[in-house]
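This report concerns only the one structure given below.
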Number of protein chains: 2
Amino acid sequence: MKKNVTLNDIAQKLNVSVGLVSLVLRGKWKENRISEEMAKKVNKAAKDLGYKPNAMAQALRTGKSKIIGLIVADIANPFYGKIARIIENEAYNKGYQVIFGSSDEDLCKFEKVVEAMKSRQVDGLLVVPVIGSHEVLQAIQESNIPTISIDRYLTDAKLPYVVTDNYKGSYDIGLYLQQKGYQNIAFITKESPLSNFIERNKGFEQSMKDTGINYQKHALSVDNWNEELVQLIRDMDTSKVDAIYFAQNMLAVEGLKTVNALHSDELDKLAIISFDNPEIFEINRPTITCYQQPLQVLAEKAVQELINSIESKQSKDISLKIEGKLIIRQSC
Amino acid sequence: MKKNVTLNDIAQKLNVSVGLVSLVLRGKWKENRISEEMAKKVNKAAKDLGYKPNAMAQALRTGKSKIIGLIVADIANPFYGKIARIIENEAYNKGYQVIFGSSDEDLCKFEKVVEAMKSRQVDGLLVVPVIGSHEVLQAIQESNIPTISIDRYLTDAKLPYVVTDNYKGSYDIGLYLQQKGYQNIAFITKESPLSNFIERNKGFEQSMKDTGINYQKHALSVDNWNEELVQLIRDMDTSKVDAIYFAQNMLAVEGLKTVNALHSDELDKLAIISFDNPEIFEINRPTITCYQQPLQVLAEKAVQELINSIESKQSKDISLKIEGKLIIRQSC
DNA sequence: TTGTAAGCGTTATCAA
DNA sequence: TTGATAACGCTTACAA
């Protein structure tokens, strides 16, 4: 039962004041004209006693917790897991810690998590906004906690965001399909008011228009897409389709599951392409061609922007759309 | 730029003392004989002003941060992502928040994360220990931060743990292989000093002994398993093997990648079974039979045990080994 | 060059 | 039934 070492302990041991110790330990001894000799003594004592600053006390005093909150849809989803990983790294490097929560795409949970984080005095927030969350997010902004949307953004909230260029990505997929000579595309997507789907849908439809390719759009409902998808693939008229485009990893994964389970020669002949790049795509037979989101850049930029606006208090409303890249494999 | 509402704000508005407000807001007004009328007024004012307690101040004052630290190998790995998700839920339900870090199986990083968490005054720690971390973990124990190992444990540290019964799982896989009539198993595992591999290896070897099945053990090195695995599968003498057992999801995933890429009729004839149950197993052709770890129970128990020992200060050294279950699919 | 003291928002102990 | 006040560990403006 070792008690934590405090500034006071160090001060007492050396018979100096806590203020002095504090200044030295934060490297401010030079500008406060503290003798180098003193500085050395203090540093040594701190090391000897194994001093670790109490982050809570620092936070309380300075009003900066050095914690950033991360709210994703579901940390168990590898897509968000990867993002979380990069964010964590970047944040640690800058002296911040990450506290996370999953929203499950549920507004109510999202709000709860936001509240919890606010009361933890997070310095800033990185959020994957859920449907209907604009009010909550607006409120955070007003309480002066820098917040950045990642992965998607809400058109009705004026939050800065860092996202993939979904429009371009989806448009490029269309172009690629044209280049490969496909004529009839089954476009499987979701009917969602969230920016990522809106833009993927727009982008693809535009490129279909521009290239003149036939396509059928299947916009599944957000909360029942799973069953609808299975049905859709079961009923697919393979004589009228030569390629399937899944607009999201979850769609593709469930889709492949169904396709593989059906073992139908007809289905197997179809070309497949998808947004996102889950690990399965490298294992499936055939391996799946896809548009990979620039997760590394995206997450890094998001953290950098966030920390910038935390530390400089000037919320320059910079939003970014970053391009991903097509990864060509066997399926298409 | 709204400032946060404090107890003081409420107190001033009502012309009462902060102490009074504090007591009411924490539901202690009854045992402190505060008038119900007063209590109501205070609660109302708190709600009106939108009061949110400052967790930092509470933490500083009470010495309890209500934060638990979670250290996994890599949050981007869906296996740990899933665990994190369950832990998060369970913790939130009990009023705790989760701060996480990834060790990358690197002792140095592990130690850094631990330090960061200690200085955040975490109330407790859930860790996936890395090789060589017994000293750090011992040190945490001594500084009186309840800590529980999950997923695996170190034989040379006396930390409580909550893990899958790896021995039993691996043993049962052997039994299942016997039942299905396989005669020559390629057992692909890692040569690791960590409990999970030790026990999976022991369990399987024992069951091979008990059943009298032939097997060849390929214990890959911890830091170069990837390349060794590819080589191993490439060179596999399929005439001498009728089934492969992968002792871990990462091994299986890379293994399947290689097998699928080789497209060899010989390899395709082999039965496959694996420890763990990543999503790919449901998509692969054939779908993969495996032993699924009881993640839900495991993570829940871990959180419960941890919070118990945080709140009751009595560190009853309860460790748990929980059984998973065999999921039978097409591959075996 | 160093010490003193106020204060961050709470909680808890007394006193009134 | 309620109010004053010290304390948690730290930072910082000001005094010495």
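Worth saying up front: this structure is predicted, and the values here are computed from it rather than measured. Numbers restart at 1 for each chain; the letters A, B, ... are given by sequence-line order, proteins then strands.
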Please examine the side chains of [Y] and [X], heavy atoms only from C-beta on, and report whether any two atoms are closer than 4.5 Å.
X        : Y        : answer
B:Asp9   : B:Tyr51  : no
B:Asn54  : A:Gln121 : yes
A:Leu159 : A:Leu154 : no

Residues in salt bridge (charged side-chain N to carboxylate O under 4.0 Å, His left out) with A:Glu300, at least two apart?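 Result, salt bridge (charged side-chain N to carboxylate O under 4.0 Å, His left out) vs A:Glu300: none returned.
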
Interface residues of residues 40-48 of chain B with DNA chain C (non-hydrogen, below 4.0 angstrom):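 Residues of residues 40-48 of chain B under 4.0 Å from DNA chain C: none.
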
Report the residues that fulfil side-chain hydrogen bond (donor to acceptor under 3.5 Å, both in side chains) with A:Asp156, sequence neighbours left out, ordered by chain and then residue number.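 Per chain and number, A:Asp156 pairs via side-chain hydrogen bond (donor to acceptor under 3.5 Å, both in side chains) with A:His134.
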
Can you measure [X] atom [atom1] to [N] atom [atom2] for me and round it to whole angstrom units?
X       : N      : atom1 : atom2 : result
B:Glu36 : D:dT2  : CD    : C1'   : 17 Å
B:Ile10 : D:dG3  : CD1   : P     : 14 Å
A:Lys28 : D:dA13 : NZ    : C1'   : 13 Å
A:Gln12 : D:dG9  : CD    : C1'   : 13 Å
A:Lys30 : C:dT1  : NZ    : P     : 11 Å
B:Arg33 : D:dG3  : CZ    : P     : 15 Å
A:Leu49 : D:dG9  : CG    : C1'   : 16 Å
A:Asn32 : D:dA13 : CG    : P     : 10 Å

Quick one: do A:Asp106 and A:Lys112 make a salt bridge, cutoff under 4.0 Å?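 Looking at A:Asp106 and A:Lys112, the cut-off is not met.
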
Residues which pass ring pair (Phe, Tyr, Trp, His ring centres under 6.0 Å) with A:Tyr96, listed by chain and number, not counting sequence neighbours: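 Scan of A:Tyr96 (ring pair (Phe, Tyr, Trp, His ring centres under 6.0 Å), adjacent residues dropped) gives none.
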
Counterpart residues, ring pair (Phe, Tyr, Trp, His ring centres under 6.0 Å), relative to B:Phe100 (two or more places apart):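 If we apply the ring pair (Phe, Tyr, Trp, His ring centres under 6.0 Å) test to B:Phe100, skipping adjacent residues, the hits are A:Phe100.
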
Summarise how protein sits on nucleotides 3-10 of chain C as a single string, 5' to 3': B when a protein heavy atom is under 4.0 Å from the base, S for sugar-phosphate-only contact, - for no contact. BB-BBBBB

Spacing of CG belonging to A:Asp104 relative to CZ belonging to B:Arg85, to within rounding of 0.5 Å: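 Rounded to the nearest 0.5 Å, the CG-CZ separation comes out at 4.0 Å.
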
